[in-house]
Amino acid sequence: MAATQKEIVDGLAEIVNEIAGIPTEDVELDKSFTDDLDVDSLSMVEVVVAAEERFSVKIPDDDVKNLKTVGDAAEYILKHQD
Amino acid sequence: MSKIKARKGAPYARILGVGGYRPVRVVPNEVILEKIDSSDEWIRSRSGIETRHWANDEETVAAMAIEASGKAIADAGVTAEQIGAVVVSTVSHFSQTPAIATEIADKLGTDKAPAFDISAGCAGFGYGLTLAKGMVVEGSAEYVLVIGVERLSDLTDLEDRATAFLFGDGAGAVVVGPSDEPHIGPTVWGSEGDKNETIKQTIPWNTFRIGDLSHLPLDSEGNVKFPAITQEGQAVFRWAVFEMAKVAQQALEASGITADDLDVFIPHQANVRIIDSMVKTLKLPEHVTVARDIRTTGNTSAASIPLAMERLLATGEAKSGDTALIIGFGAGLVFAATVVTLP
């Protein structure tokens with residue numbers, strides 16, 4: 001069953017916590033991965049790959065650069081998940 | 001139909017000796033920062049690199065290769081006359097022909113050993129090692145010298161903040177020879193030419209034949225930029241960490257080895273972040289020594305694995321007889337992974 005937006009954000013929070021050590025409660029829709037959450041361009045790739053596995057979605061490299069905020073990523077996953 | 005006589009070499013092959021050469025000049029991040037808007041902290045956090053070596057005019061590709069080879073030959077306990085073939089992997093030898101390997105073979109004092117260059121980017125050492133193993137077992141050479149050598153400072157765009165800090169110069173060499181037992185496992189190797197744009201030279205050499213160069217990019221002083229190596233960082237990182245971890249796993253399985261059996265992991269020294277992520281993805285146990293020579297050597301492409309191997313042995317972090325997983329990956333995209341016993 002497809003994940004809801006809340007489930008996706010909660011999942012992203014766990015992933016960001018695991019990869020960048022950011023507290024899960026800091027991962028909110030309007031937060032920028034690079035500016036607010038200390039996720040640099042290489043860690044972003046790790047976040048994306050973990051999100052792909054968790055939500056059964058493909059996020060090509062060309063689309064990764066458009067995912068600036070947690071909200072962008074959640075919306076992308078919501079739209080593209082199986 | 002006439003019967004053709006075949007030749008048989010040794011039952012198996014092994015690495016008998018290793019040698020490295022690092023240029024005299026050590027270049028700290030402060031020097032890189034003279035031409036790009038970045039910081040020491042940024043470079044270290046993105047790549048792990050603190051210093052790299054850059055060659056001077058005397059430290060040519062051939063000169064560095066000869067230095068490293070001399071040490072490898074001595075370490076192997078053989079003589080130059082016994083070297084039956086010389087395989088050089090490089091992308092930074094600037095004369096298209098002849099191959100630099102012939103000059104190296106001659107200056108080392110080999111007895112007209114067959115010598116040739118291969119172009120397999122950062123997987124070049126693994127490709128060369130695989131060829132060498134084949135030659136030793138087939139009998140076309142008893143001892144093969146495999147050299148990875150690069151002067152990547154010549155192919156670095158010092159005004160590109162994504163790559164200016166990345167590359168270094170140096171040479172690493174091994175001697176591969178006969179063995180009664182297998183000490184080089186099956187190679188898992190391949191190419192993915194559909195990704196050939198992700199790491200590449202910015203401008204092909206023949207662009208310079210065209211009289212009008214005005215369409216070419218200029219540097220800050222208005223000069224036409226020399227060709228350099230460029231890459232799509234995120235795409236390369238994803239491929240290197242997640243796809244190459246699978247290849248490394250396949251190499252372990254092909255050798256009948258588990259991660260628990262490993263003593264040492266020597267991945268291509270591309271970026272410390274790639275190395276750390278691969279270690280995590282492969283779930284390597286704590287006892288495995290991981291090469292992180294990149295911190296003080298930078299990315300030296302084909303030279304990085306033998307240079308890292310030489311340093312681990314020299315510092316005592318690894319010892320002769322240890323079982324090591326090596327994996328090279330880079331422009332092509334190409335890859336090669338295998339398990340070896342350290343010399």
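Lettering follows sequence order; numbering is per chain, from 1. Owing to the predicted nature of the structure, the values given are computational and were not obtained by experimental measurement.
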Asker: Scan chain A against chain B and return every donor-acceptor pair whose distance is under 3.5 Å.
Answerer:
residue, atom, partner, partner atom, Å
A/Asp40, OD1, B/Arg273, NH2, 2.8
A/Asp40, OD2, B/Arg46, NE, 3.4
A/Asp40, OD2, B/Arg273, NH1, 2.8
A/Asp40, OD2, B/Arg273, NH2, 3.2
A/Ser41, O, B/Gln234, NE2, 3.0
A/Ser43, OG, B/Arg273, NH2, 2.9
A/Glu46, OE2, B/Ser277, OG, 2.8
A/Glu52, OE1, B/Arg238, NH1, 3.3
A/Glu52, OE2, B/Arg238, NH1, 3.0
A/Ile59, O, B/Arg238, NH2, 2.6
A/Asp61, OD1, B/Arg238, NE, 3.2

Asker: Looking at residues at least two apart in the chain, or sitting in another chain, which of them share a side chain to side chain contact (heavy atoms under 4.5 Å, CB included) with B/Ala331?
Answerer: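 Partners of B/Ala331 under the side chain to side chain contact (heavy atoms under 4.5 Å, CB included) test: B/Ile199.
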
Asker: Heavy-atom pairs under 4.5 Å with chain B - which of A/Val48, A/Val45, A/Leu42 has more of them than the others?
Answerer: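 It is A/Leu42.
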
Asker: Between A/Val49 and B/Phe242, what is the shortest heavy-atom contact and its length?
Answerer: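 Nearest heavy atoms, A/Val49 then B/Phe242: CG2-CE1, 3.5 Å.
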
Asker: Can you sort out the partners of B/Phe265 under ring pair (Phe, Tyr, Trp, His ring centres under 6.0 Å), two or more places apart, ordered by chain and number?
Answerer: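 Partners of B/Phe265 by the ring pair (Phe, Tyr, Trp, His ring centres under 6.0 Å) criterion come out as none, since no residue qualifies.
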
Asker: Applying side-chain hydrogen bond (donor to acceptor under 3.5 Å, both in side chains), name anything that partners A/Asp36, two or more places apart in sequence or on another chain.
Answerer: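 side-chain hydrogen bond (donor to acceptor under 3.5 Å, both in side chains) list for A/Asp36, sorted by chain: empty.
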
Asker: If you count heavy atoms of other groups shown closer than 6.0 angstrom to CD of A/Glu28, is the number above 12?
Answerer: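 Yes, because the 6.0 Å sphere around CD of A/Glu28 holds more than 12 heavy atoms from other groups.
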
